[in-house]
Amino acid sequence: MTESPWIRPYRREDRPALDDICVRTAHNGQDSRPHYTDPAVFPATFAAPYVHLEPELAFVLDDGTGRAVGYIVGTADTARFARTFRAAWLPLVAGRHPEPSGPPVTPDETIARLLHHPERMVVPELAAWPAHLHIDLLPEWQGRGHGRRLMRTFLRALRDGGVPAVHLVMATANKPARAFYDRMGFEEIDAPMDDSVVCLGRTTGNPDRL
């Protein structure tokens with residue numbers, strides 16, 4: 001086994017590590033545990049469904065010992081993913097993270113509402129960017145070029161699959177993430193979004209130039 005960090009395809013045994021990475025980076029890039037009663041709602045919404053439904057588009061940063069310390073996940077077709085999410089994923093997790101009976105009143109309920117409404121991902125203004133992604137690395141692995149390598153790997157996979165462009169939605173408060181996406185060639189998309197988030201997109205062409 002190599003001792004150097006490397007990018008590799010997701011494996012089923014990586015799932016606990018991915019959940020942990022997601023939880024530890026979910027609060028505007030910071031650890032969500034001090035802010036949520038059950039932060040497991042984050043991987044149930046933003047990480048686990050991707051490796052369950054489209055594992056072929058999931059890649060991890062391996063620290064060299066087999067442990068995942070970062071990941072990139074996504075879908076090639078957001079509209080299809082939203083349908084499959086409702087049919088095949090939501091029944092697996094809805095019991096642990098029930099939908100609020102009314103408007104969300106706690107941080108946990110806010111994310112649970114997103115979990116129960118995958119159709120929110122389908123925005124007509126984003127049709128030209130049919131794929132979308134999520135990328136997260138543990139803090140100690142950030143700023144060392146690994147995010148760039150993960151992004152390059154994911155964009156190649158989309159390009160080779162004939163997908164022309166990809167988008168992401170991020171919290172506007174996460175300034176370091178925005179700087180990273182700017183460096184990766186993402187540009188702001190004019191789409192109807194809550195003021196707390198912004199939508200960015202780019203083509204899948206020329207990933208090797210990142």
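- Both Trp141 and Met151 sit in one connected hydrophobic cluster of ILVMFWY residues. Membership requires side-chain heavy atoms under 4.5 Å apart, directly or through other members.
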### Task
Go through Leu61 and Ile7 one step at a time and tell me if the side-chain contact (heavy atoms from CB on, under 4.5 Å) criterion holds.
CA-CA 5 Å; Leu61 171 64; Ile7 308 299; 3.8 Å; yes

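- Using a 4.5 Å heavy-atom threshold, the side chains of Phe81 and Pro118 count as separate.
- Pairs passing the ring pair (Phe, Tyr, Trp, His ring centres under 6.0 Å) check and including a residue from residues 178-210, sequence neighbours excluded, read Tyr181-Phe186.
- At least one side-chain heavy atom of Tyr10 sits under 4.5 Å from a side-chain heavy atom of Leu18.
- In this view, Arg86 and Glu119 satisfy the side-chain hydrogen bond (donor to acceptor under 3.5 Å, both in side chains) rule, not counting sequence neighbours.
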### Query
Could you go step by step and tell me if Asp38 and Arg96 meet the salt bridge (charged side-chain N to carboxylate O under 4.0 Å, His left out) rule?
CA-CA 10 Å; Asp38 183 7; Arg96 176 169 180 181; 3.2 Å; yes

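- For Asn28, the side-chain hydrogen bond (donor to acceptor under 3.5 Å, both in side chains) criterion is met by no residue, not counting sequence neighbours.
- The pair Arg24-Asp136 does not count as a salt bridge, with every side-chain nitrogen at least 4.0 angstrom from each carboxylate oxygen.
- Here Arg148 pairs with nothing under the salt bridge (Lys or Arg N to Asp or Glu O under 4.0 Å) rule; sequence neighbours left out.
- Rounding to the nearest 0.5 Å gives a distance of 5.5 Å between CG of Leu150 and CG of Leu137.
- Among residues two or more places apart in sequence or in another chain, the salt bridge (Lys or Arg N to Asp or Glu O under 4.0 Å) test is passed with Asp190 by none.
- The distance from the CE atom of Met121 to the OG1 atom of Thr78 is 7.5 Å, given to the nearest 0.5 Å.
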### Task
Walk me through it: do Asp19 and Arg15 pass the test side-chain contact (heavy atoms from CB on, under 4.5 Å)?
CA-CA 6 Å; Asp19 286 0; Arg15 171 67 187 279; 3.1 Å; yes

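- Inter-residue side-chain proximity for Arg67 and Val69 is flagged as met; some heavy-atom pair is nearer than 4.5 Å.
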### Check against salt bridge (charged side-chain N to carboxylate O under 4.0 Å, His left out), Arg202 and Glu187
CA-CA 6 Å; Arg202 62 154 289 163; Glu187 298 180 347; over 6 Å; no

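- With a 4.5 Å cut-off on side-chain heavy atoms, Asp182 and Arg178 count as touching.
- Here the rule is side chain to side chain contact (heavy atoms under 4.5 Å, CB included) with Leu155, and of Val166, Asp160, Ile72 only Val166 fits it.
- Side-chain contact check for Leu53 versus Trp89: some heavy-atom pair is nearer than 4.5 Å.
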### Message
Let's go through Asp77 and Arg83 carefully: what are the C-alpha distance in whole Å and the side-chain angles of both, what is the deciding distance for salt bridge (charged side-chain N to carboxylate O under 4.0 Å, His left out) to 0.1 Å, and is it a yes or a no?
### Response
CA-CA 10 Å; Asp77 185 332; Arg83 294 191 298 270; 5.5 Å; no

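- Counting only N and O atoms by type, the side chains of Asp108 and Thr106 include no donor and acceptor under 3.5 Å apart.
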#### Entry: Working for side-chain contact (heavy atoms from CB on, under 4.5 Å), residues Trp129 and Cys199
CA-CA 11 Å; Trp129 297 266; Cys199 188; over 6 Å; no

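- Partner of Met170 under the side chain to side chain contact (heavy atoms under 4.5 Å, CB included) criterion, chosen from Val197, Ile135, Leu200: Leu200.
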### Task
Please test Val93 against Leu115 for side-chain contact (heavy atoms from CB on, under 4.5 Å), starting from the C-alpha separation and ending with a verdict.
CA-CA 9 Å; Val93 296; Leu115 170 66; 4.0 Å; yes

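- Judged by distance alone, the side chains of Arg120 and His117 never bring a donor and an acceptor atom under 3.5 Å apart.
- Annotation: side chain of Leu57 is not in contact with side chain of Tyr50 (no heavy-atom distance under 4.5 Å).
- When side chains are defined from C-beta on, Thr25 does not count as touching Asp31, because their heavy atoms never get closer than 4.5 Å.
- Ala191 and Leu126 get closest at one heavy-atom pair: CB-CD2, 4.1 Å.
- In this structure, the side chains of Pro130 and Pro164 come closer than 4.5 Å at one or more pairs of heavy atoms.
- Taking the six-membered ring where tryptophan is involved, the planes of His27 and Tyr36 are perpendicular, since the angle between them exceeds 60° and thus also 30°.
- Scored by the salt bridge (Lys or Arg N to Asp or Glu O under 4.0 Å) test, Arg80 finds Glu54 as partners (sequence neighbours excluded).
- Ion pairing between a basic and an acidic side chain is recognised when a charged N comes within 4.0 Å of a carboxylate O; Asp62 and Arg8 show such pairing.
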